Amino acid sequence: MTDNEFIWRIAGGSGDGIASTSQNFAKALMRSGLDVFTHRHYPSRIRGGHTYTEVRAAAEPVKSRGDGYNFLLALGDSFARNPQEDAYYGNEEIKPLSENLDELREGGVIVYDSGLLDASEIEDFDARVEENNWHVYDIDLRNMARDVGREVMRNTAGVGVTCALAGIDLHWIEELMSDAMPDKILEPNLDILNQAHDMMLEEYDIDAVDVTVPEGSHDEEQVLMSGSDAIAYGSLDEGCRFISGYPMTPWTEVFTILSQNLPKVGGISEQVEDEIAAAALAVGASHAGAKAMSGSSGGGFALMSEPLGLAEMTETPVVLIEAMRAGPSTGMPTKPEQADLEHVLYTSQGDSQRVVFAPGTVEEAYTQTRKAFKIAYEYQIPAIVLYDQKLGGELVSLPASHFDEEPNPSLGSTLTEAELAEAPHDESGKYSRFQHDVEDGVSPRSIPGQKGGRFLATGNEHTPEGHIAESTANRVAQMDRRTQKLEAIHEELASQGDTHQTHYGPDEATYGLMTFGSQQGTVEEAVDMLNDQGYSTKALGVSDMAPYPAEEVTEFIESVDEVLVIEMNASAQFRGLTQKELGQYGEKLSSLLKYNGNPFEPLDIVEGFKTTIIEGSELSGAETKFVPAAGD
Amino acid sequence: MSAFSAIGDGQPTDQDDYTPELEPQATWCPGCGDFGVLKALKGAAEELGRSPEEMLLCTGIGCSGKLNSYFDSYGFHTIHGRSLPVARAAKVTNPGVEVIAAGGDGDGYGIGGNHFMHTARENHDMTYIVFNNEIFGLTKGQTSPTSPKGHKSKTQPSGSAKEPLRPLSLSLNAGASYVARTAAVNPNQAKEILVEAMEHDGFAHVDFLTQCPTWNKDAKQYVPYIDVNDSDDYEFDKTDRREASDMMAETETALHEGKVLTGRYYVDDSRPSYGQEKRAIGEMPEEPLAERYFDDSYEWERSADLFLDKHK
């Protein structure tokens, strides 16, 4: 938490335009020179249901949603159930106001649409307002919007009110609306934006409000990008021109971006009957000579186990994307969790032969997706990018230059016809696609239609030409060769100057915080806060799940007295993986877990660390859970 | 110049070209109908002049999956029920390749049934051969989706309570544009049908009756067979959906009454293939996608040029 930051929460019903309004608002603040970070919270419903988005903005880098927030714009749920219907859910219309009060900071601002909401229906509302020194503005946004023409524009009215109260120059918003809106709706939106803004300045006392937007500036041009955007663009820049899939939240975002854009660059998208087919199509497309991908969330990925194993055995390069959400089974479809780590590492029969990256940030989502394709095609192995609803959906401001990269369409270890002519064949003319003794275990492949390249790919164990074979010598030779590829990949990843692991904080520290995937930024903010409070800590965010970066992690653990492992699941899967891979440190690693459907906030980690590691006390409350070190 | 010069190279072929010189010992039992499929396929490929390296044969799991071991071409012996999704992606990626998928009745009508329906619906330009022996052979004789009602096996000790699946009707309703049934004991018809199926521009489904002499002893050798297109006893228009549908229903029922009817049941030459449909809406490139990766002069698009502005 920085002293000078603005965290705006816009709350309403699904379908009220919360996502688009907040996206425009975030981009306007980014253009004004601030770093921004958004957090989405939404139900698994098309219309109605309490949803909100937070936009956090500061002059200095922001890496997480932050702790709590300081400005609420409650629009009211215009799609709430008819009150005449069974009142099982209570009054839903009021929820965007009533459900958001707990995390509003002291001195914060509440703007609510009095056209839809009646604060007197909330128990103790006035008392809480007084106790927390909140500044409340009940504005009939709905009526204002009606007067200008369309009720849906009440979110624009709300933005106008926000700008007046927080001191945001309207021209940033106007500029964005001009870019994003068609002429027909632009004029009335500009009208209501200004009307609402001016009305606040003229008719309300706003001097008491001390929640303002800071000023900042950027050294270079910024873009507002989500993890899903970054994965899609990384795939495209690595020459991926084939995607197959089946819709499932939250993976659908990547699937949608690529389905809309691949055909524009001569690529192919296939929406198919199920995820077994989706992964099998990606395997078929790769086999036939394309850079191909598929993906899903946990439930759909479970169906991909079979084709994933087939890709391992036939050494067909393919990239699969897994967007985690809270499980087991259907779980909580729109809520983040990191509980599919073991699923992704081990699913499918036999010994796993795959690469798994878990990017920690939007930038890493881009670079590691590219790396996944590169490794997959060079080493002929499936590579999986594991992320979650949090990383996929959050919008972050980043330097545009990070994404200004050259494409790499190479098919990796694939031969041309000229090369095939020189390559080994058996007496019948079949190409020796799976040779026993080759460098790094990689035996280059041919593509159907190439002269001199015919071979059999099979999920059975096979001879160098692909014939089904069960001789012990051949089995061991092939198994060892495939395993050798993983060793070579491990070496390549460890030897690159720029590892996928992110070190943060001072070189020397007493305590270590370790995490994987999307919690990285939040952990880094916690490290800053802890060091400010005098607790010597540093952090390691790990992305390489397989092959595991044993040396790098060992070095980190050795460099501190004690390590707290932060992850969003109930069974400490990442800590378990670390202990399994390193074969020690059971006495040194304890866990802070969160699996209630919300990602960690920095203070969860700060307080959890102080309570458990420093004070040795039990955690109170049900938000997070501590699992002490248990020995090897 | 194409990176895939085996495609359409017009090389003369003969049946031996499809026989691996190092042919592994056949695992099919003596008298197995699967030999008939192999022979018919070699004959059809020869007649059409398709060289082994312009063909991709995708199989599933079961005795039928061994087809890849005895037919020399590019091959992909996939997993149980999944030959079709692998095959159809290969077709859209590298459309010049002659793609053939094959599997058994359990593979195609049971575990892979969903893929069968959807591949037929999409009408990919490919041939799908189902080795239909009305039994699970390789796993030693369990009841399959096409086993007759009452069929007893170790896993259905009191006899199957289920009506057998109707493969021809299912295919028609799912959207296949060429549907035929042939039998291993009828090699000439089988070859002719496979030639037509491979030439057909769309999804051609061939239900191939392959007797299993080991596990389906009480089943017939599928003789005598009647070709419904040649017989005077049957008259229908195979280009008419309704007439085709009636003829299929009669054929499926007759099989379990001991009468083996075969032939071409439905042929729709007017329906565009999936590739044509996809190209028509601009969602599939005119040049085969696979060629692009071998084209050094192609200027690959960058996300920065295409998308970065909208994020600024």
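Side chains are part of it too, since the values below use all heavy atoms of this structure and drop only hydrogens, waters and symmetry mates. In what follows, chains carry the letters A, B, and so on, assigned in the order in which the sequence lines appear, proteins first and then strands, with residues in each chain numbered from 1. What you are looking at is a predicted structure, and each value in this text was computed from that prediction instead of being measured.
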| task | Run the numbers on A/Ser401 and A/Glu220 for side chain to side chain donor-acceptor pair (under 3.5 Å), then give the verdict. | result | CA-CA 8 Å; A/Ser401 60; A/Glu220 55 174 314; 2.9 Å; yes
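The heavy-atom pair separating A/Gly267 from B/Pro285 by the smallest distance is O-CD, 4.4 Å. Of all the heavy atoms in B/His205 and B/Tyr109, the pair that sits closest is NE2-OH, 2.9 Å. A/Pro464 and A/Asn474 make their closest contact through CD-OD1, 3.9 Å (heavy atoms, listed as atom of the first residue, atom of the second, distance). Nearest approach of B/Thr210 to B/Phe131, heavy atoms of both residues: OG1-C, 3.7 Å.
The side-chain heavy atoms of B/Asp34 and B/Lys66, taken from C-beta on, include no pair separated by under 4.5 Å. A heavy-atom distance below 4.5 Å is found between the side chains of A/Phe373 and A/Met293. Looking only at side-chain heavy atoms (C-beta outward), A/Ser296 and A/Phe255 stay at 4.5 Å or farther from each other. Two residues are said to be in side-chain contact when any heavy atoms from C-beta on lie closer than 4.5 Å; B/Phe76 and A/Leu310 meet this criterion. Side chains of A/Phe434 and A/Phe455 form a contact here, defined as non-hydrogen atoms less than 4.5 Å apart. With contacts defined as side-chain heavy-atom distances shorter than 4.5 Å, the pair B/Phe136/B/Pro145 qualifies. Between A/Lys374 and A/Glu378, some side-chain heavy-atom pair lies under the 4.5 Å cut-off. Side-chain contact between A/Thr463 and A/Asp426: absent, with no pair of heavy atoms (C-beta onward) separated by less than 4.5 Å.
Only the side chain of A/Leu411 has a heavy atom closer than 4.5 Å to any heavy atom of chain B. Contact annotation for A/Ile468: only side-chain heavy atoms (C-beta onward) come within less than 4.5 Å of a heavy atom of chain B. Proximity to chain B is limited to the backbone of A/Glu405, based on heavy atoms less than 4.5 angstrom apart. For a residue to count as touching a neighbouring chain, one of its non-hydrogen atoms must lie under 4.5 Å from one of that chain's; by this rule B/Thr78 touches chain A with backbone and side chain alike. Heavy-atom distances place both the backbone and the side chain of A/Ile268 under 4.5 Å from chain B. For a residue to count as touching a neighbouring chain, one of its non-hydrogen atoms must lie under 4.5 Å from one of that chain's; by this rule B/Val97 touches chain A with the side chain only. If you measure heavy-atom distances from B/Leu56 to chain A, the contacts under 4.5 Å come from the side chain alone. For A/Ser244, no part lies near chain B; criterion is any non-hydrogen pair under 4.5 Å. Using a 4.5 Å cut-off between heavy atoms, A/Gln222 contacts chain B through its backbone alone, with no side-chain atom that close.
Interface remark: of the candidates B/Ser73, B/Pro52, B/Gly282, B/Ser73 forms the most heavy-atom pairs closer than 4.5 Å to chain A. Among A/Thr414, A/Asn261, A/Leu176, the residue making the largest number of heavy-atom pairs under 4.5 Å with chain B is A/Asn261. Across A/Pro263, A/Ala292, A/Ala400, the residue that shares the most heavy-atom pairs under 4.5 angstrom with chain B is A/Pro263. Heavy-atom pairs under 4.5 Å with chain B peak, among A/Gly453, A/Gly239, A/Gly459, A/Gly234, at A/Gly453. Your options are A/Asp229, A/Asp237, A/Leu236, and the one with the most heavy-atom pairs under 4.5 Å with chain B is A/Asp237. Comparing B/Glu98, B/His115, B/Glu291 by how many heavy-atom pairs each has under 4.5 Å with chain A, the most go to B/His115. Between chain A and the options B/Asp72, B/Val92, B/Asp9, the largest number of non-hydrogen pairs under 4.5 Å is found for B/Asp72. The candidate with the highest count of non-hydrogen atom pairs below 4.5 Å against chain B, out of A/Met225, A/Lys430, A/Arg31, A/Lys27, is A/Lys27. Contacts with chain B were tallied for A/Gly449, A/Gly284, A/Ala288, A/Ala280; A/Gly449 has the most, counting heavy-atom pairs under 4.5 Å. Of the listed residues B/Pro288, B/Pro85, B/Gly65, B/Ser2, the one with more heavy-atom pairs under 4.5 angstrom with chain A than any other is B/Pro85.
Here the OG1-OH distance, from A/Thr369 to A/Tyr233, works out to 13.0 Å after rounding to the nearest 0.5 Å. In this structure, OG on B/Ser273 lies 9.0 Å from NE2 on B/His200, to the nearest 0.5 angstrom. Remark: B/Met284 CE to B/Arg279 CZ distance equals 4.0 Å, nearest 0.5 Å. Interatomic distance, A/Ile276 CD1 to A/Tyr246 OH, rounded to the nearest 0.5 Å: 11.5 Å.
A ring-centre distance under 6.0 Å is found for A/Phe403 and A/Tyr366. Residues B/Phe294 and B/Phe4 place their aromatic rings such that the two centres sit under 6.0 Å apart.
One finds no salt bridge joining A/Lys451 and B/Glu53 here, because no Lys/Arg side-chain nitrogen approaches an Asp/Glu carboxylate oxygen to under 4.0 Å. Remark: B/Arg88 engages A/Glu273 in a salt bridge, criterion side-chain N to carboxylate O under 4.0 Å.
Interface residues of residues 297-312 of chain B toward chain A, defined by a heavy-atom distance below 4.5 Å and sorted by number: B/Tyr298, B/Trp300, B/Glu301, B/Arg302, B/Ser303, B/Ala304, B/Leu306, B/Phe307, B/Leu308, B/Lys310, B/His311, B/Lys312. Interface with chain B: from residues 312-320 of chain A, residues A/Thr314, A/Thr316 qualify, criterion being any non-hydrogen pair under 4.5 Å. Of all residues in residues 117-130 of chain B, those placing a non-hydrogen atom less than 4.5 angstrom from a non-hydrogen atom of chain A are B/His118, B/Glu122.
Annotation: side chain to side chain donor-acceptor pair (under 3.5 Å) contacts involving residues 280-294 of chain A, sequence neighbours excluded, comprise A/Ser286-A/Tyr377.
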